[in-house]
Every structure is written in C-alpha cells, then in structure tokens.
Visitor: 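What follows is a structure written as structure tokens; I'll ask about it next.
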Amino acid sequence: MNNRIAPEGRRAPVWLCCVLIALIVLFQGVGVAPAAAPEYEVVILNGRVIDPESKLDAIRNIGISNGTIQAISATSLRGRTTILATGLVVSPGFIDLHSHGQDEENYRFKAMDGVTTALELEVGTGNTAAWYAEREGKALVNYGASIGHIPVRIAVMHDPGTFLPRGDAAHKAASESEIEEMKRQIEQGLKQGALGVGFGINYTAAASHWEILEMFRVAAKRRAPCFVHMRYAGLKEPTNSIRALEEVLAANAMTGAPLHVVHISSMGLRATPLLLQMISEAQSHGLDVTTECYPYTATQTNIESAIYDEGWQEALGIDYKDLQWVQTGERLTEESFARYRKTGGSVIGHAIPEDIARIAVASPLTMIASDGGLQNGKGHPRGSGTYARVLGRYVRELKALTLMDALRKMTVMPAQRLERIAPMMKNKGRIRVGADADLTVFDPAFVIDKSTFEEPAKYSEGIKHVLVGGVFVVKDGKLQLGVAPGRAVRAPDTK
Ligand SMILES: [Zn+2]
C-alpha cells in the first residue's frame, strides 16, 4: 500500500557510476580487488554437509586447497574444479580401524566404499618401520598399523605361519626370556610410530594370562591403545566371551593401557548385548574402553587356526553346514572340514544372528570397522561393502540408526580413539576449517553394498566422490587411477 517510487533526482549521476566502474576495473587489473572471492583448488557445491562432531547437517559449500578444508560456507564459492553435490551427502571420509587388506587391490575397494583411512590395528605388523616404508608414496588411501603381538609371537617362537600362527606361536607357552623378547619388540614398534598394540589372543591360545598382561604393561607406558581380538567367543561357560572380556578389562584397569575390543558381535554372538553392557559399565566407571563391529552375520578366518580347535561347534553354536569355503563357495561337511583343516585356508562361518548384527551396528558404543581383506578377489564381502552396507541397509532400509549416528561411528569416533597416540587424527573425521580434506560424497537414496559371500569383489554403489588430502580417488562414481595421495597415520617418532 505504501509503495513509493524514488524521485528521479535521488539517483546517482551517470558520471559518478562511470568513475566507480573505472576504479573497480583498475583495481582488478593490479590484483587488489577487495571484493573478489578467493579461488579454491576444489569446491563442492550445494551438498548436504554432515559433521557428526559439531552436529552440522545443512546445505553448504566447501572450499579445499593445499589438502585441507579452507571454507565451509552457505554462500557460493569459486573453484578451479567444481563438484555439484545437490541431493548428495558430504561426510568426513570414513576411517576403518580394522582393515587387513593393506595393498593396492584392497585400497581400491576401500576407496569405492568411502574409506579414506584404512588401518591394520588388530593383527598389525611385526616390523613397523618396514611396514610404513613399503607404502610410502604409493597408497590410494591413508594407512597405518599397530605393532602386533601375533606377528611378534610368530617371530619369537619361530612359527611357520605368515599372517596367523599355525605352530608354536599358537600352541606353546612362552618362556620368560621369550616374553622378554616380545616386550622388547613391541616397545620397538611403538618407538617407530605404531598406532598401538594388536592382539589376537584366540589365535595365540597358549599365551598365558600373565604374558598378555606383560604386553599391556608395555603399551601402558606410552598409553598406547590395545586392539584386542579376545581369547574366547560365544556363550559356553567357562571359556566364553564374557570371561574373555573380563580378562582384558582387568588388564586395562590394572595397567592403564586403553582397550579397544574388536568385532564385538563375532565374539559375543548371542551374548553380544551382555558384552556391550559390560563395556558401558566399564566406561561409566572411568575406564578407557571402546569397541567396534562389522555389519554382517558371518565371520571369516583361517580354518587351521585355534578358533576351529576341538569344541568349536559348541563354542560358536554352529555346525559344518554353517561353514563356507572361501575359494569355492561350497558349504562344508565333516569330511571336507577335516580335509581343508589339513591344507589350511580361509573359511566363512555363518555364526552371527541377524538381530545381533543389528543390535551391534545400532549400539551407540560401537564404531564401524570392516575386519576386511580380499586376496585376488576372494574373501568376505566386508572387505568391500561394510560402509555402504551400514548406510544403505541399516540406516535407509532397516532404520536401525540415524544417518548422523552411523556417520559418527565411521568418522569422529575412530579419529578420537587414535588422537592421543597420533595427534594428526585431530584433523581427520571432521568437516571443519583446517581439517584434512578427506571427504566422502554419497547418494543417501542409492548407496548400497553389492558384494556377497559368493562374489565379494564388487564395488559398493552410490559413493560418488572420495577425496584423500584434497585429491580425488573416486570421482563421479569412478575410481581414479594413477594417484597416490594416501599418507601414513602414525605416532610421532620417539626413538
Ligand atoms: Zn579378529
């Protein structure tokens, strides 16, 4: 009602406009235009940016230069390379704390599943310096490892096993001097930058409780976290997962070494809710204890390992028909089990009830970690599909948890687990100015795993773009070959 038209006389004279335009052109010419926005190397426009640490969940533009996030803005940004992310989620890149596949083949599957940092913390390595040197400048994603009690015990006990023990390291108690030598090698690994100490007590079944405590003591001196595959699985007293968790909780409480229990649902099986309760109680009394799970109903390990020693059916609550031979996909019988146990090799155990897998994935206590590793395309689908499966199946289809909670378990929680031993992790798992530009852009309506127990070597779908240190490793859903932006994640050298 009150619209007035400005009188002609208030307009700026034409000559003044000309002078102003001339001045702007002049300033731009000498590169000092005050109003010009900076140009970033990469800009991601109009994505739904989710940062679980700050709880940001909003449409934003992100500017990236020099490998770091330089701007997060509601207004448009200019970039030399621009990605339009309308309808897509922009998340911190996923951090996998449990990734056995540490080679080119596996890093490709990791990248296509949205993982920007893949760490081998359970089995770990026996030679930290050599392990990091092998990957320097060659990796598609960021990498890192613990110093592992398993490989150290294999070396000290002269076991013929390579990845897992098959001789004395599994079946023989260590002498006092052997324990001393293991402590020395673990200490050395930590000095060389290992991200903690890995354990697979179930695989080194003859390691005494005292031996394990001694290793925790070495870790505790540096407050290095212990990543533990526990001594027992399942429900059957007295050698069950509850007692196994008591062992490492006690070691954690006595020594002060932080504890991370790996793949809780494949150890707990039906008892998983009880283990989660124990971890929650320990946390509420101030213990530094965390855990992780993978989103599958089956395990995978070596058939010749101590896990399939006599009594496995009762311990795991499964039988021959629940075992699947990785090389052929066949289900086993008593006869084929005995045959393969002699030759050795990888076997899948369909042992985790679906409701237990879901409880573990949805629990606020767990991080998501794959435990994966493919070899020439063979293995467990978790090696290629873990992260897309949580987002597609457990978040979108089953609504078992929110998208924000799922991303928290894949990004900031694993970053926080490591940031005391490796302060560089404070700049990962977050979308914030100054953080590393490790980012995963995915379509929440379509993201899904495609790998199966029969065909594990299938890339996930719906992961559109993945950047590691500001470099595209996946772009428009396609793997980018010929780049190696992955960097070592390690503790500061304290030699
Ligand atoms: Zn394990």
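Order of appearance sets the numbers: ligands from 1, and atoms from 1 within every ligand. Note that the structure is a prediction, hence the values are computed from the model and not measured.
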Visitor: When the aromatic ring centroids of His229 and Phe199 are compared, is their separation below 6.0 Å?
Guide: no
Visitor: Any ion pair linking Lys450 and Asp113 (charged N to carboxylate O, less than 4.0 Å)?
Guide: no
Visitor: Show, in sequence, the C-alpha distance, side-chain angles and deciding distance for Tyr459 and Phe109, and conclude whether the ring-ring contact (aromatic ring centres under 6.0 Å, His included) test is met.
Guide: CA-CA 6 Å; Tyr459 290 136; Phe109 284 98; 4.8 Å; yes
Visitor: Please name the atom of Glu122, limited to N, O or S, that comes nearest to the Zn ion (ligand 1).
Guide: OE2
Visitor: When you measure from the Zn ion (ligand 1) to the N, O or S atoms of His263, does any of those distances fall below 2.8 Å?
Guide: yes
Visitor: For the Zn ion (ligand 1), find the closest N/O/S atom on His229 and give its atom name.
Guide: ND1
Visitor: Atom CD of Glu122 and atom NE2 of His149: how far apart are they, to the nearest 0.5 Å?
Guide: 13.0 Å
